[in-house]
2 protein chains.
Amino acid sequence: METKNKKMKMMTLDQLKDRDIGEIGTPERDKYEFDLRMELLGEMIKSVRKERNLTQEQLGELIGVQKSQISKLERSTKNVTIETILKVFKALKANVKFSVEMNELEFNVA
Amino acid sequence: METKNKKMKMMTLDQLKDRDIGEIGTPERDKYEFDLRMELLGEMIKSVRKERNLTQEQLGELIGVQKSQISKLERSTKNVTIETILKVFKALKANVKFSVEMNELEFNVA
DNA sequence: TAAAAAGTTGAATTATATGGAAACATTTTG
DNA sequence: CAAAATGTTTCCATATAATTCAACTTTTTA
């Protein structure tokens, strides 16, 4: 598990994508693009939570929600609100960065 | 307007934050952290849309929503869903990157 | 291997994001 | 300045994200 985690951390998202849903350009890839993001977001939360040595219940307490909610955030393929993401990572003392890239320009929204 | 846009693009978010809501550590800053993010997200959308020379109505057509919806996304202080963000920037042919940073480690969710 | 701890799931509820329509306001342009 | 274009706001409906509770499953540990 530890090994698996470490490996994941070292993989770029593109590598994950290639592994999990096929090369760029295939219809499958486009279709699951968003689900993948959500999946990864869940994985991220779980990863960081583990890193902090917290149980879902403890993380829940930090935020003020039940453990079941954390579980859902970690494994759901559903859509999520920015507010929720920020709330969770703030509790985990992790920084969320957000950037929009267009051509050569890149604006960062941290 | 052109000048204003260019200037904004050149500013980092931290600069924007400092200018708009005060230095790090002040309660005001923490309090408006999320609102600010949303505000900036709106500004991003507007910026990129302008860059593409689209009206709100045109962008709306690309996505399949009314111009009023675009207006709301651009100027709302409200919360937004990941799906919505992706949808908008995809229409704008811009790339959204998402990353979570914790200590020295950084995982990218692109 | 049994008990405890941690995580998952489903059903139900509440809160709120998405969205349309239309009236209004602001900006642009001829 | 008047008309046209663009953007904003409000009211409203609908969809769905956030959340709880409790039962259930899986994992850990003594």
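As the structure is a prediction and not an experimental result, all values here were calculated from the model. Naming: A, B, ... by sequence-line order, numbering from 1 per chain. Hydrogens, waters and symmetry mates play no part in the numbers below; they use all other heavy atoms, side chains included.
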Engineer: Under 4.0 Å, heavy atoms only, any strand: does B/Gly64 hit a base, just the sugar-phosphate, or nothing?
Structural biologist: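 Answer is sugar-phosphate: B/Gly64 comes under 4.0 Å of backbone atoms only.
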Engineer: Over how many whole Å does the gap from B/Leu59 atom CG to C/dG19 atom C1' extend?
Structural biologist: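 Answer to the nearest Å: 14 Å.
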Engineer: List in chain and number order the residues that pass side-chain contact (heavy atoms from CB on, under 4.5 Å) with A/Lys72, two or more places apart in sequence or in another chain; answer none if no residue qualifies.
Structural biologist: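 For A/Lys72 the side-chain contact (heavy atoms from CB on, under 4.5 Å) partners, ignoring immediate neighbours, are A/Gln69.
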Engineer: Sequence neighbours left out, what passes side-chain contact (heavy atoms from CB on, under 4.5 Å) with A/Gln58? Give chain and number order.
Structural biologist: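 With sequence neighbours excluded, A/Gln58 shows a side-chain contact (heavy atoms from CB on, under 4.5 Å) to A/Leu54, A/Thr55, given in chain and number order.
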Engineer: Over its full length, what angle do the end axes of the helix from C/dT1-D/dA30 to C/dG30-D/dC1 make, each axis taken from five pairs and the result rounded to 10 degrees?
Structural biologist: 50°
Engineer: Is any side-chain heavy atom of A/Leu40 closer than 4.5 Å to one of A/Glu43?
Structural biologist: yes
Engineer: Let me know the distance between CG of B/Asn79 and P of D/dA18, rounded to the nearest Å.
Structural biologist: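 Distance check: B/Asn79 CG to D/dA18 P gives 8 Å.
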Engineer: With sequence neighbours excluded, tell me which residues meet side-chain contact (heavy atoms from CB on, under 4.5 Å) with B/Gln66.
Structural biologist: B/Ser68
Engineer: To the nearest Å, how far apart are A/Glu83 CD and D/dA17 C1'?
Structural biologist: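 Nearest whole value for this atom pair: 11 Å.
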Engineer: Just how far, in rounded Å, is P of C/dT13 from CD of A/Gln66?
Structural biologist: 18 Å
Engineer: For nucleotides 6-12 of chain C, just jot down a letter per nucleotide in 5' to 3' order: B, S or -, based on protein non-hydrogen atoms under 4.0 Å.
Structural biologist: SBBBBB-
Engineer: How many Å lie between CD on A/Glu61 and P on D/dT19, as a whole number?
Structural biologist: 15 Å
Engineer: Excluding sequence neighbours, so at least two apart, what forms side-chain contact (heavy atoms from CB on, under 4.5 Å) with B/Lys46?
Structural biologist: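 Partners of B/Lys46 under the side-chain contact (heavy atoms from CB on, under 4.5 Å) test: B/Arg49, B/Lys50, B/Glu74.
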Engineer: If you round to the nearest 0.5 Å, how far is CG of A/Leu41 from CD1 of A/Ile85?
Structural biologist: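 Rounded to the nearest 0.5 Å, the CD1-CG separation comes to 4.5 Å.
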Engineer: Round to the nearest Å and state the distance from A/Lys87 atom NZ to D/dA18 atom C1'.
Structural biologist: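 Rounding to the nearest Å, NZ of A/Lys87 and C1' of D/dA18 are 7 Å apart.
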